[in-house]
There are 2 protein chains.
Amino acid sequence: MTAPAHGQEVVPKFRGPATTAPLGVELSERETPLHPDTRRRAPAAHVTLDAVAREAGVSLATASRALNGTTRVRDDLRGRVRAAADLLGYIPNAHAQALASAEGNRTVGVICHDVGDPYFAGIASGVMRAAAEQDLLVMLASTFREPSREIAYVSMLRAQRARAILLIGSGFQDRAWERAMDAELEPYVRAGGRVAVVSRHRSMRVDTVQPENRAGAAALAASLVELGHRDFAVLSGPPELTTVADRLAGFREGLAAAGITLGRVVRGAFTREGGHAAARQLLAAGDARPTCVFAVTDVMAVGALAALREAGVRVPEDMSLAGFDDIPVVREVSPPLTTVALPLTEMGEQVIALALRTPSRAGRSRVLRIEGSVVLRGSTGAPPGS
Amino acid sequence: MTAPAHGQEVVPKFRGPATTAPLGVELSERETPLHPDTRRRAPAAHVTLDAVAREAGVSLATASRALNGTTRVRDDLRGRVRAAADLLGYIPNAHAQALASAEGNRTVGVICHDVGDPYFAGIASGVMRAAAEQDLLVMLASTFREPSREIAYVSMLRAQRARAILLIGSGFQDRAWERAMDAELEPYVRAGGRVAVVSRHRSMRVDTVQPENRAGAAALAASLVELGHRDFAVLSGPPELTTVADRLAGFREGLAAAGITLGRVVRGAFTREGGHAAARQLLAAGDARPTCVFAVTDVMAVGALAALREAGVRVPEDMSLAGFDDIPVVREVSPPLTTVALPLTEMGEQVIALALRTPSRAGRSRVLRIEGSVVLRGSTGAPPGS
DNA sequence: CCGGACCATGAAGGCGCTTTCAGAAAGCGC
DNA sequence: GCGCTTTCTGAAAGCGCCTTCATGGTCCGG
């Protein structure tokens, strides 16, 4: 569908004036020297193994064996093949390889909510490191928290015959979605695909890296009570996320153990802005203010901290604030945030290891529980007037 | 290819004891219900188009056409094929598709230094968003700043016949490396592959999103001079990174324009810790302290800020501090950092757009210049004693 | 010096799909 | 009703590679 060839090609030798595009960016073209044959728009075909074999004067089969080392090949032939491959710049076609060999390809799929979020970036970083060690390529997808998109991605990864699919981040408490996801995953697993997840527990019979959200939140609550707090509020996220539900429940349990009932729960988006808005909403409410606030994620806590500062609420003198996850940024803000630390990078490494490990007895899924540890930092202190 | 049915199925009803693993994590197995035929380790073959065609009672060719809509197919047949595909849970084999059609596959490769770094996470996020819109799958690789690994990844992406390869982040000023990279990229481009980069300019005749590092740093310098500063220091990164060289040079130029010579330049790693260490080193030196410090990236600036605080140096009262990039965290620290803002997400969207756009006249590579804008925040002020 | 065991090699058959190419069916004007 | 064009369908040829399978050659003991 290329334009009909002109008899004469006219390339204006024109160093484009800096045309100014919106947003303060500038687009220009620069001329580059080119090999004569590149000018013709005839995408030089890729070098195939066949060409290598011919160049080396051996059969296709031998060339394949020489390059992959599957079978012994006479040394001199192997040398010739290698040399030919080099000379021609041969790169095997991974698709053809995957198709021909039952071995499956060397790619794994990772689906998270948003790589831009430090929580996922941390886990993804761990996954990448582990993948690199095993010589695997990672296909990363961000769902931007849209459940349907997550399913669509699983489907795409299935089409790619990814060796494993990793689902990172809270699932959704939605029956229909769960069923759809299960319907997508089940045939994949049956066909030999591996699945592992981080932070999901409902209806998933797959290997899981499970942060102890509930216990962690409970422990945090206990620590905060110990500081002297009695009036609490929680900045919560979307209730359909299992992580949110667990942390909230855990926090409640922790308080209950000390005979305290949780006060207000304000709901916000699972982002910095969500935390900011929730905190403002909390302050706006006329009620007596809590002495301590727990944001279900650090990302939200950071937003909340900003909101408190803007409102002139001193942390921790007027109000204590705590989060969950221990993303890097919480150590940089001031005061640094008290939180429940999760080993994010390590979790990423674990989840891929779990997926790739030889499956245990058929039908058994493993659960790797990750205990969070409460880290008290400057954002929490004794309640005012104590 | 289904497993032979058993007469009787015996599934041990055994809830595995929780075996405790190192690192405060706990590994346990849980039993899951399984379809009888899943027990046999005979990875149920994938459903093929052939099966769908047979189920629908049409030829392979028709089934293909019906599903892809490449040619008109009688409505009732198309319906039957669709239904059969659905029923069987057919998912096309992307490898086979890629191999058969010259269309190439729908994946793009992205190589960055480290997704865990907020700078790259921001750009990656933009890439992912744009890719999602175009229904593309992204293969993401982190080099962890090892040049050779970058080349290896390009090679892997070539093997995958990725539609485009995006190189994100500063290149290395190293002749041998450049040559090797070029040798890898050139055949790829000749074969119709697209390449686009962010922040590279040496020896690359490819589409580029180029932040104006030099101009940005110069403008920052001018702004700082305007605040009254005369004594400057720079916390610099690995000199082989082009970005570092440009920002440093730009900052020098900006100062020179005001007749000022740059004082100390302390070199550190391109990380938070690198910035921290560099700042400490700067303070440790007996010299008269500069009144203003420029860290070549925000990530380093954040580390430097921590170091200054630890050393009891007040920012900006005792010393001003500025960074470059405007990653999200700099707005959260206190004081918030002065920096040169780059539209990271947008840059990610642009670089993929650039790569995917129909190539301009043969041999022309486009350069999209991104102007950074100086954002003065709390971390900079008038020099002490003024 | 011959037969069998062993090995490296080449020919050929897929892997699952797209896409010509040719043929059957249907619609049209004369 | 005939010949023509216009549609749509099915057969078959690959895409690039791996992997039996069979073959020719070599090495050994007998």
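Hydrogens, waters and symmetry mates are skipped; everything else that's a heavy atom, side chains included, is used. All of these numbers come straight from a predicted model, not from anything done at the bench. Per chain, numbering begins at 1; letters A, B, ... match sequence-line order.
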remark   = Closest non-hydrogen atoms of B:Phe120 and B:Cys112, given as atom of the first, atom of the second and distance, are CD2-CB, 3.7 Å
query = So how far off straight is the helix from C:dC1-D:dG30 to C:dC30-D:dG1, going by the axes through five pairs at either end, to 10°?
reply = 40°
query = Any sub-3.5 Å donor-acceptor pair from B:Asn105's side-chain atoms to B:Gln160's backbone N or O?
reply = yes
request  = Write out all pairs satisfying salt bridge (Lys or Arg N to Asp or Glu O under 4.0 Å) with one or both partners inside residues 127-138 of chain A, taking only residues at least two apart or from two chains.
outcome  = none
task = Could you check how far CG of B:Leu49 sits from P of C:dT19, rounded to whole Å?
result = 13 Å
key: Backbone of A:Leu140 reached by a side-chain donor or acceptor of A:Ser142 within 3.5 Å   = no
ask   = Under 30°, 30 to 60°, or over 60°: which ring-plane class applies to A:Phe172 and A:Trp177, parallel, tilted or perpendicular?
value = perpendicular
query = Contact class for B:Ser101 (heavy atom, under 4.0 Å): base, sugar-phosphate, or nothing?
reply = sugar-phosphate
ask   = Which of residues 92-100 of chain B have a heavy atom under 4.0 Å from DNA chain D?
value = B:Leu99, B:Ala100
request  = Output yes when a side-chain donor or acceptor of A:Arg194 lies under 3.5 Å from a complementary backbone atom of A:Arg357, and no otherwise.
outcome  = yes
ask   = What are the bounds, 5' to 3', of the part of DNA chain D that sits under 4.0 Å from heavy atoms of chain B?
value = D:dC8 to D:dG16
message = If you apply the rule salt bridge (Lys or Arg N to Asp or Glu O under 4.0 Å), what do you find for A:Asp75 with A:Arg78, and how did you get there?
response = CA-CA 5 Å; A:Asp75 287 1; A:Arg78 181 150 35 86; 2.6 Å; yes
inquiry  = Counting the atoms with a prime plus P, OP1 and OP2 as sugar-phosphate, which does B:Thr48 contact under 4.0 Å by heavy atoms, base, sugar-phosphate, or nothing?
reply    = sugar-phosphate
query = Can you list, by residue number, the residues of residues 67-83 of chain B that have a non-hydrogen atom closer than 4.0 angstrom to DNA chain D?
reply = B:Arg72, B:Val73, B:Arg74, B:Leu77
ask   = Where the side chain of B:Asp207 meets the backbone of B:Ala196, is there a donor-acceptor pair that is under 3.5 Å apart?
value = no
query = B:Arg54 has an atom CZ; how far is it from atom C1' of C:dG16, in whole Å?
reply = 13 Å
inquiry  = To check you understand the geometry: which heavy-atom pair defines the closest contact between B:Ala191 and A:His46, and what is its length?
reply    = CB-CE1, 3.4 Å
task = Please name all residues satisfying side chain to side chain contact (heavy atoms under 4.5 Å, CB included) with A:Ala96, sequence neighbours left out, ordered by chain then number.
result = A:Asn93, B:Leu99
d(CG, A:Asp50; P, C:dA11) in whole Å = 11 Å
inquiry  = Quick one: does any side-chain atom of B:Thr71 pair with a main-chain N or O of B:Arg65 as donor and acceptor, under 3.5 Å?
reply    = no
key: Pair of N/O donor and acceptor under 3.5 Å linking C:dG10 base with A:Arg65 side chain   = yes
ask   = Rounded to whole angstrom units, what separation is found between the OH atom of B:Tyr90 and the C1' atom of C:dG16?
value = 7 Å
ask   = Would you say the side-chain atoms of A:Tyr153 pair up with the backbone N or O of A:Gly109, donor to acceptor, closer than 3.5 Å?
value = no
message = Go through it in stages, so that I can follow the logic: the residues are B:Asp86 and B:Arg82, the test is salt bridge (Lys or Arg N to Asp or Glu O under 4.0 Å), and I'd like the CA-CA distance, side-chain angles, deciding distance and then a yes or no.
response = CA-CA 6 Å; B:Asp86 251 49; B:Arg82 292 245 173 95; over 6 Å; no
